[in-house]
Amino acid sequence: MEGSVYQYYANVRTEPVEWLWYPYIPLGKLTVLQGDPGEGKSTFALNVVARITTGQPMPDGVPAKGKRVAIYQCAEDGIADTIKPRLQQAGADCERVAYIIDNDIALTLEDGRIETAIKDTRQCIYYRPHSGIYPA
């Protein structure tokens, strides 16, 4: 099959998924929140980020796996005047909440910075679909 553009799944070695919050948030993978405006995506995401960073149980009572780092990315709101105050209001430990610097180059779903951030933190990224992260 050398030079082939396809492979057979029989040749793929399966591996388990490690979950932060089963079945919603896998560890080390991108988590996308999608929905119509005004449905509470940001509020929900910020609440979950607060729980991740402080070791609190998830909304359904699933125990936390300790205090962890979370990445929250949202290009629609200002970092200093909107996102950080909302993180603080949600009770997040801002020492454990990161964002990807995207001042010069907008993020795309295939952006290497996303992969690097996930590998470095072993955590998920939350973002709203219209937050400036677009398919490449």
Side-chain angles (χ1 to χ4, degrees):
M1 262 203 264
E2 190 172 319
S4 177
V5 296
Y6 66 91
Q7 292 274 332
Y8 289 95
Y9 280 98
N11 299 323
V12 175
R13 192 185 74 158
T14 60
E15 27 183 84
V17 174
E18 191 177 350
W19 293 94
L20 177 69
W21 179 23
Y22 180 84
Y24 308 106
I25 303 174
L27 283 173
K29 300 192 184 288
L30 181 67
T31 298
V32 178
L33 294 178
Q34 183 175 333
D36 291 329
E39 289 187 337
K41 296 176 298 297
S42 294
T43 301
F44 175 76
L46 292 166
N47 181 276
V48 171
V49 166
R51 292 168 185 273
I52 291 169
T53 61
T54 60
Q56 297 300 310
M58 290 295 130
D60 63 356
V62 170
K65 297 182 179 190
K67 296 177 182 180
R68 303 182 79 107
V69 170
I71 300 171
Y72 180 76
Q73 194 76 21
C74 177
E76 292 180 343
D77 298 317
I79 292 169
D81 66 1
T82 304
I83 297 174
K84 185 174 179 182
R86 290 187 72 193
L87 284 165
Q88 291 171 320
Q89 185 177 26
D93 178 352
C94 289
E95 294 285 329
R96 295 177 178 272
V97 185
Y99 62 93
I100 298 170
I101 300 167
D102 63 349
N103 297 339
D104 299 329
I105 303 170
L107 291 171
T108 67
L109 289 175
E110 295 180 0
D111 195 309
R113 292 174 290 176
I114 294 173
E115 185 176 346
T116 299
I118 290 173
K119 285 181 181 176
D120 287 353
T121 64
R122 186 129 163 67
Q123 287 303 310
C124 41
I125 294 180
Y126 295 92
Y127 74 93
R128 300 199 326 237
H130 304 308
S131 68
I133 301 178
Y134 305 102

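Note that the structure is a prediction, hence the values are computed from the model and not measured.
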- Straight-line distance of D111 CG to I100 CD1, nearest 0.5 Å: 7.0 Å
- Query: Do V12 and Y6 share a hydrophobic cluster (ILVMFWY, side-chain heavy atoms under 4.5 Å, transitive)?
  - Reply: no
- Straight-line distance of F44 CZ to L33 CG, nearest 0.5 Å: 6.5 Å
- Should the heavy atoms of other residues, nucleotides or ligands under 6.0 Å from CD of Q88 be counted, would the total exceed 12? yes
- Item | Verdict with supporting geometry, T43 and R86, side chain to side chain donor-acceptor pair (under 3.5 Å) | CA-CA 8 Å; T43 301; R86 290 187 72 193; 2.9 Å; yes
- Item | CA sep, side-chain torsions, deciding dist, call: L46, Y72, side-chain contact (heavy atoms from CB on, under 4.5 Å) | CA-CA 8 Å; L46 292 166; Y72 180 76; 3.9 Å; yes
- Taken to the nearest 0.5 Å, the spacing of M58 CE from N47 CG works out to 8.5 Å
- Message: Quick one, I114 with Q73, criterion side-chain contact (heavy atoms from CB on, under 4.5 Å). Give me CA distance, side-chain angles, the key distance, then yes/no.
- Response: CA-CA 10 Å; I114 294 173; Q73 194 76 21; over 6 Å; no
- Query: What is the minimum heavy-atom distance between A50 and G91, and which atoms define it?
  - Reply: CB-C, 3.9 Å
- What's the shortest heavy-atom distance between I101 and R113, and which atoms? O-NH1, 3.0 Å
- Checking R51 side chain against Q56 main chain: does a donor-acceptor pair fall under 3.5 Å? no
- Heavy atoms of I52 and V69 approach each other most closely as CG2-O, 4.0 Å
- What closest approach, in Å, do Y24 and W19 show between heavy atoms, and which atom pair accounts for it? N-CZ3, 3.8 Å
- Query: Taking all atoms of both residues into account, what is the closest heavy-atom pair of P26 and V17, and its distance?
  - Reply: CB-CG1, 3.9 Å
- Message: Using every non-hydrogen atom in the two residues, find where R96 and K67 come nearest and quote the distance to one decimal.
- Response: NH1-O, 3.5 Å
- Message: Would you say NZ of K65 has more than 12 non-hydrogen atoms from neighbouring residues, nucleotides or ligands within 6.0 angstrom?
- Response: yes
